[in-house]
Amino acid sequence: KLSLKILLLQRAMEELEQEKISRDEEKVKYLSDKLPPLQITGLSMEELQKLCRQLHAKIDVVDEERYDFEAKVNKNNRDIHELKLKVQDLGGKFKKPALRKVRVSADEMMRALLGSKHKGSMDLRANLKSVKKEDIKQEKVISTEVGDWRKNVEAMSGMEGRKKMFDAAGGGQ
């Protein structure tokens with residue numbers, strides 16, 4: 001099998017070389033047909049100028065042809081690209097598969113993300129702030145005092161409020 005592959009590769013190399021030689025020959029033949037050899041010797045100044053004008057005219061024609069060919073190639077490339085997109089669209093719409101719900105604990109998730117770096121268990125409740133019941137009661141008392149004070153401001157306004165304050169302070173004895 002190996003010798004067969006080697007023979008095939010050698011044969012392919014020979015054919016590539018022959019194709020390259022034939023392309024070079026075609027190029028030389030085409031250029032000799034399109035561009036005859038220049039004979040500048042023995043020409044006067046007017047004849048040289050006339051020859052230069054002819055060459056410039058030929059260059060312009062060749063540039064126009066080259067531009068036309070480039071435009072055709074670009075148009076064909078765009079058409080090919082559009083057709084490829086149409087083929088992909090017609091080839092089939094891809095449906096997204098329904099995702100399954102997976103229950104994963106925090107430890108398993110950390111292990112999956114960090115791999116072997118994750119050690120020990122992750123207790124999310126350990127990071128929470130502990131609150132004592134006494135603190136909650138004190139906060140309620142403070143909030144009720146503040147609320148009472150705000151309610152009493154309206155009641156204590158005016159002469160009646162001052163009389164209540166005087167009586168409460170023990171001034172009415």
Which distance, rounded to the nearest 0.5 Å, do you find between the [atom1] of [X] and the [atom2] of [Y]?
X: Asp60; Y: Leu55; atom1: CG; atom2: CG; result: 11.0 Å
X: Lys86; Y: Glu82; atom1: NZ; atom2: CD; result: 7.0 Å
X: Met13; Y: Gln18; atom1: CE; atom2: CD; result: 12.5 Å

By the definition side chain to side chain contact (heavy atoms under 4.5 Å, CB included), identify the one residue from Leu9, Leu4, Leu2 that meets it with Ile6. Leu2
Only one of Asn77, Leu83, Leu85 forms a side chain to side chain contact (heavy atoms under 4.5 Å, CB included) with His81, so which one is it? Leu85
Any ion pair linking [Y] and [X] (charged N to carboxylate O, less than 4.0 Å)?
X: Glu70; Y: Arg66; answer: yes
X: Glu25; Y: Lys29; answer: no
X: Lys75; Y: Asp79; answer: yes

Do Glu65 and Val61 come within less than 4.5 Å of each other through their side chains, counting heavy atoms only? yes
Is it true that, when you exclude Glu15 itself, more than 12 heavy atoms of the residues, nucleotides or ligands shown sit nearer than 6.0 Å to its CD? yes
Quick one: does Glu47's side chain have a donor or acceptor within less than 3.5 Å of a partner on Ser44's backbone? yes
